[in-house]
Amino acid sequence: GFLQQKYPELVPAARRAYKCFEPYTTSPEEYARLTALVPESCESEVVKLLARIRQNVQPFPDDDESAFSAEMNALVAVNAERYYRAMIHGGTKTWNIRDMHMMETLDRLMQLHGPQARGIVWAHNSHVGDARATDMANEGMINIGQLAREQHREDDVVLVGFSSHHGTVIAGSEWGAPMQTMDVPPAKEHSWEDIMHQGRLHDKLVILNNVHSAEAFQERDHRAIGVVYDPSREGLENYVPTVLPERYDALLHLDETHALHPLHVTPVRTAPPDTYPWGL
């Protein structure tokens with residue numbers, strides 16, 4: 001691995017940090033539960049590792065990405081530990097930790113590739129659309145769309161949402177449930193999806209930057225289908241109140257969508273997977 005070849009003196013610290021998590025590799029939730037009961041955690045180990053890597057690991061002229069990957073592996077461990085420790089309390093904190101990590105990763109990738117770098121982030125509407133234009137803000141939730149606009153010039157950020165009126169989707173009935181094809185019923189009346197459908201804006205990219213009508217700035221329900229979906233509760237929990245032109249710069253509306261066709265690939269393993277990052 002990279003550390004073994006270039007910085008062998010850091011390998012013991014990396015092993016100690018990741019060994020701390022070994023008892024919980026099959027159940028991160030158990031780590032969250034235990035940190036609530038006992039003040040001991042793996043936080044100090046992964047934070048120390050990140051600090052040492054940042055202090056000692058330098059990019060190589062012909063291999064900048066290896067040093068970057070080493071630091072990102074340590075950063076993921078730090079933020080994951082924070083996430084699981086916060087998970088036991090529920091609420092918005094875990095959501096915000098995830099999206100702040102997404103934004104930090106994006107910023108670091110842009111820095112790695114230089115001032116002319118451009119990037120495309122593919123994520124759910126709940127992460128991409130500016131949270132301040134939804135009821136998420138009332139709960140204290142932030143997301144990557146909001147953070148990108150706040151931390152960069154507005155002209156340097158374009159937020160694009162997706163919507164559909166009806167069709168099918170791949171999802172699960174609950175967390176951990178097998179995926180299945182589900183019917184997506186016609187959107188509820190007066191929702192943004194219904195407005196697009198009634199206005200015959202089928203399969204259109206709607207540019208929202210220059211929209212100024214009062215009707216466009218009304219708060220309406222906007223459908224949100226995640227990896228967990230229950231079509232029978234369509235009108236009760238699958239919509240987010242949204243001011244559309246404030247949430248996105250553009251909206252791609254596909255009136256009828258069809259479920260993805262997953263590629264079922266059987267992994268072939270000739271050796272046990274690495275326990276630690278970088279082949280430690």
Side-chain angles (χ1 to χ4, degrees), residues 75-76 78-80 82-87 89-110 118-164 169 171 175 187-188 190-196 205-230 233-254:
L75 181 63
V76 167
V78 169
N79 287 338
R82 289 178 58 216
Y83 174 83
Y84 284 112
R85 189 152 35 89
M87 187 173 66
H89 302 293
T92 62
K93 188 175 181 180
T94 51
W95 172 278
N96 290 347
I97 288 172
R98 289 171 60 204
D99 276 65
M100 286 189 291
H101 176 75
M102 292 180 200
M103 192 66 226
E104 187 174 7
T105 300
L106 176 59
D107 281 340
R108 289 185 51 73
L109 282 167
M110 300 294 280
R118 299 291 183 269
I120 298 174
V121 177
W122 183 277
H124 191 278
N125 284 345
S126 299
H127 296 288
V128 168
D130 193 324
R132 295 170 295 182
T134 74
D135 65 346
M136 295 167 64
N138 299 333
E139 303 295 325
M141 300 171 74
I142 58 176
N143 64 9
I144 191 172
Q146 173 185 341
L147 293 171
R149 281 179 168 176
E150 289 177 339
Q151 297 176 19
H152 300 275
R153 293 190 311 167
E154 287 270 340
D155 292 345
D156 290 341
V157 178
V158 178
L159 307 183
V160 182
F162 282 80
S163 68
S164 65
V169 69
W175 289 105
K188 67 188 291 187
H190 304 306
S191 65
W192 283 115
E193 286 76 9
D194 182 52
I195 295 296
M196 299 290 172
L205 179 65
V206 182
I207 307 300
L208 300 168
N209 284 342
N210 296 318
V211 173
H212 302 294
S213 68
E215 292 81 3
F217 282 84
Q218 290 182 7
E219 185 179 79
R220 295 180 182 272
D221 286 336
H222 179 24
R223 182 145 53 191
I225 298 176
V227 294
V228 174
Y229 181 53
D230 182 356
R233 299 183 61 81
E234 172 69 12
L236 300 175
E237 58 185 30
N238 296 323
Y239 288 83
V240 177
T242 295
V243 180
L244 203 67
E246 294 179 357
R247 188 173 184 182
Y248 309 114
D249 296 298
L251 180 77
L252 180 60
H253 179 74
L254 305 174

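Here, residue 1 is the first one in the sequence, and each next residue gets the next number. Just so we're clear, the structure is a prediction, and the values are computed from it rather than from any experiment.
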Quick check for you: to the nearest 0.5 Å, what is the distance between [X] atom [atom1] and [Y] atom [atom2]?
| X | Y | atom1 | atom2 | result |
| --- | --- | --- | --- | --- |
| Arg132 | Asn143 | CZ | CG | 9.0 Å |
| Glu215 | Ile195 | CD | CD1 | 10.0 Å |
| Phe217 | Leu208 | CZ | CG | 8.5 Å |
| Asp221 | Thr134 | CG | OG1 | 11.5 Å |

Look at atom NE2 of His190 and say whether more than 12 heavy atoms of other residues, nucleotides or ligands are closer to it than 6.0 Å. no
Tell me, do Tyr239 and Ser191 make a side-chain contact under 4.5 Å, heavy atoms counted?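 Yes, close enough: below the 4.5 Å cut-off.
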Salt bridge flag under 4.0 Å for residues Asp155 and Arg153: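 Looking at Arg153 together with Asp155, the answer is no, because their closest N to O distance does not fall below 4.0 Å.
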Using modelled atom types only, decide if a donor and an acceptor are shared between the side chain of Asp249 and the backbone of Leu159 within a distance under 3.5 Å. yes
Hey, does the side chain of Asn238 reach the backbone of Arg223 with a donor-acceptor pair shorter than 3.5 angstrom? no
Going by atom types alone, do Tyr229 and Glu234 pair a side-chain donor with an acceptor below 3.5 Å?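 Per modelled atom types, Tyr229 and Glu234 side chains form a pair under 3.5 Å.
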Are the ring centres of His127 and Trp122 closer than 6.0 Å?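 Centroid separation for His127 and Trp122: 6.0 Å or greater.
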Carefully, step by step, assess Asp99 and Gln146 under the rule side-chain contact (heavy atoms from CB on, under 4.5 Å). CA-CA 10 Å; Asp99 276 65; Gln146 173 185 341; over 6 Å; no
